[in-house]
Undergrad: 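Here it is, the structure in full.
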Number of protein chains: 2
Amino acid sequence: MAKIPGNPCTSSCPIKRAMDILDGKWTMLIIRDLLGGKKRFGELRYSLEGVSPKMLTQRLKQLEEEQIIRKISYPVMPPKVEYELTEKGHQLRPVIESLAVWGNELI
Amino acid sequence: MAKIPGNPCTSSCPIKRAMDILDGKWTMLIIRDLLGGKKRFGELRYSLEGVSPKMLTQRLKQLEEEQIIRKISYPVMPPKVEYELTEKGHQLRPVIESLAVWGNELI
DNA sequence: CTGAATCCAATCGGATACTG
DNA sequence: CAGTATCCGATTGGATTCAG
């Protein structure tokens, strides 16, 4: 059995740290979308189909604070805003990929 | 860029399927614990430190319904109950491992 | 020991309307 | 277009008590 890095599930457990950030219905879906490249607010809203602007804004804001995504605002009219993953965000790719593999087996 | 299996983030997205099951503050922590082998209710309650019996019961029940864990009740007094991962649950190991790697880099 | 029951607060999340 | 504001219900989660 492969050893899992880190300590047992106490408050300093790496899984706990990760999930405190990644928890939430939409978070992983946002990251998955952004792994495909920069996306605009409306694009995310569309591809997540069902998310309310409130929740999308809330999650994007939190992910930005955690420095997992970066927000790029263009000072134009009408407004144009793009979101992209930071390096820290890109490092979530293995997580998303293994999740996708598992999710695919569910059928 | 490696291709992520599955479709875009619609209702049939594998990530969405996965997160519908794995969402929640404690779920991943339970699975992480059980990757180390069978655990009793009280052991989980202890190692998760802070979880209320209500939530622990709730999550365990859901995970059992999703066939990710299996519950083993011994007809003894006082009661003894153990939880262990099913095959489907064990297949989450890559997810937990990559999460642990990521969580460790946070510091 | 393993929960079930109850009560309550906070957060999540959806729908809608509105603004710069 | 990209949000903000508001209202509301559902769910999560914690604390505590109690039962088999």
Side-chain angles (χ1 to χ4, degrees), chain A residues 9-11 13 15-34 37-66 69-84, chain B residues 9-11 13 15-34 37-66 69-84:
Chain A
C9 270
T10 65
S11 53
C13 161
I15 309 288
K16 181 164 176 48
R17 272 204 301 276
M19 291 316 293
D20 280 345
I21 295 173
L22 304 175
D23 201 15
K25 183 176 176 180
W26 302 106
T27 310
M28 292 296 204
L29 301 181
I30 293 172
I31 292 164
R32 186 217 216 258
D33 266 22
L34 294 183
K38 282 198 283 278
K39 293 276 184 309
R40 301 183 60 167
F41 187 86
E43 290 180 293
L44 290 170
R45 191 175 175 184
Y46 171 75
S47 76
L48 265 47
E49 60 173 46
V51 71
S52 66
K54 189 186 71 169
M55 286 314 299
L56 184 51
T57 300
Q58 198 173 108
R59 287 285 143 250
L60 289 171
K61 202 163 288 181
Q62 186 200 339
L63 288 174
E64 197 190 350
E65 284 167 6
E66 300 286 358
I69 66 175
R70 187 171 16 246
K71 178 178 177 173
I72 310 169
S73 300
Y74 299 89
V76 294
M77 201 48 191
K80 175 176 175 178
V81 178
E82 287 178 329
Y83 294 91
E84 65 178 2
Chain B
C9 271
T10 65
S11 52
C13 162
I15 309 287
K16 182 164 175 49
R17 273 203 301 277
M19 291 316 292
D20 280 346
I21 294 174
L22 303 175
D23 200 15
K25 183 176 177 180
W26 302 105
T27 311
M28 292 295 206
L29 301 180
I30 294 172
I31 292 165
R32 188 219 214 257
D33 267 22
L34 295 183
K38 281 198 284 277
K39 292 277 184 310
R40 300 183 59 168
F41 187 85
E43 290 181 293
L44 290 170
R45 190 175 174 184
Y46 171 75
S47 76
L48 265 47
E49 60 173 47
V51 70
S52 66
K54 189 186 71 169
M55 287 314 299
L56 183 51
T57 301
Q58 197 173 110
R59 287 284 144 250
L60 289 171
K61 202 162 288 180
Q62 187 201 338
L63 288 174
E64 199 190 349
E65 285 167 4
E66 300 285 359
I69 66 174
R70 187 171 15 247
K71 177 178 179 174
I72 310 169
S73 300
Y74 299 88
V76 295
M77 201 49 190
K80 175 176 176 178
V81 178
E82 287 179 329
Y83 295 91
E84 65 179 1

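Fair warning: this is a prediction, and the values are worked out from it, not measured in the lab. Lettering of chains follows the sequences in order, A, B, ..., and the numbering in each one begins at 1. We use all heavy atoms of the structure for the numbers below, so side chains are in, but hydrogens, waters and symmetry mates are not.
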Undergrad: Measure the distance from NZ on B:K39 to C1' on C:dG3 and round it to the nearest whole Å.
TA: 20 Å
Undergrad: For B:R45 and C:dC1, is the shortest distance between a side-chain N/O and OP1 or OP2 below 4.0 Å?
TA: no
Undergrad: Please report the shortest heavy-atom distance between A:Y83 and A:L34, naming the atom on each side.
TA: O-CD2, 3.4 Å
Undergrad: Between the base of C:dG13 and the side chain of A:K54, is there a donor-acceptor distance below 3.5 Å?
TA: yes
Undergrad: Is A:I31 close to A:L22 at the side-chain level, that is, under 4.5 Å between some pair of heavy atoms?
TA: yes
Undergrad: Could you pick out which residue, B:E82 or A:K25, lies toward the 5' side of DNA chain C when each is mapped onto its nearest nucleotide?
TA: B:E82
Undergrad: Looking at B:Y83, does any N or O in its side chain come under 4.0 Å of the phosphate oxygens OP1/OP2 on C:dG3?
TA: yes
Undergrad: Just to confirm, is there a sub-4.0 Å distance from OP1 or OP2 of C:dT2 to any side-chain nitrogen or oxygen of B:R40?
TA: yes
Undergrad: Check the phosphate of C:dG13 against A:Q58, side-chain N and O only, distance under 4.0 Å to OP1 or OP2. Yes or no?
TA: no
Undergrad: Could you give the distance from CG (A:D33) to CD (A:E43), rounded to the nearest 0.5 Å?
TA: 9.0 Å
Undergrad: For A:M55 and D:dA10, give me the distance from atom CE to atom P, rounded to whole Å.
TA: 17 Å
Undergrad: Let's see if you can work this out: which of D:dT12, C:dG20, D:dG3 has an atom nearest to the side-chain heavy atoms of B:R59?
TA: D:dT12
Undergrad: Counting only side-chain N and O atoms of B:K61, is one of them less than 4.0 Å from OP1 or OP2 of C:dT2?
TA: no
Undergrad: Ignoring the backbone of A:P53, work out which of C:dA17, D:dT12, C:dT2 is nearest its side chain.
TA: C:dA17
Undergrad: Find the distance between CD1 (B:I30) and NZ (B:K39) and round it off to the nearest 0.5 Å.
TA: 12.5 Å
Undergrad: Base, sugar-phosphate or nothing for B:Y74? Non-hydrogen atoms, less than 4.0 Å.
TA: nothing
Undergrad: How do A:G24 and A:M77 order along DNA chain C: which one's closest nucleotide is nearer the 5' end?
TA: A:G24
Undergrad: Using atom CG of A:L29 as one end and atom C1' of C:dG13 as the other, report the distance to the nearest whole Å.
TA: 14 Å
Undergrad: In this structure, how many angstroms lie between the P atom of C:dG3 and the CD1 atom of B:I72, rounded?
TA: 12 Å
Undergrad: What does A:S52 touch in the nucleic acid at a heavy-atom separation under 4.0 angstrom: a base, only the sugar-phosphate, or nothing?
TA: base
Undergrad: How long is the line joining CG of B:L48 and P of D:dA15, in whole Å?
TA: 14 Å
Undergrad: Does A:R59 reach the side chain of A:V51, with side-chain heavy atoms less than 4.5 Å apart?
TA: no
Undergrad: Separation of B:D23 atom CG from D:dA10 atom P, in whole Å?
TA: 19 Å
Undergrad: Whole angstrom is fine here: how far is it from CH2 in A:W26 over to C1' in C:dG13?
TA: 9 Å
Undergrad: How many Å lie between CG on B:L22 and P on D:dT12, as a whole number?
TA: 14 Å
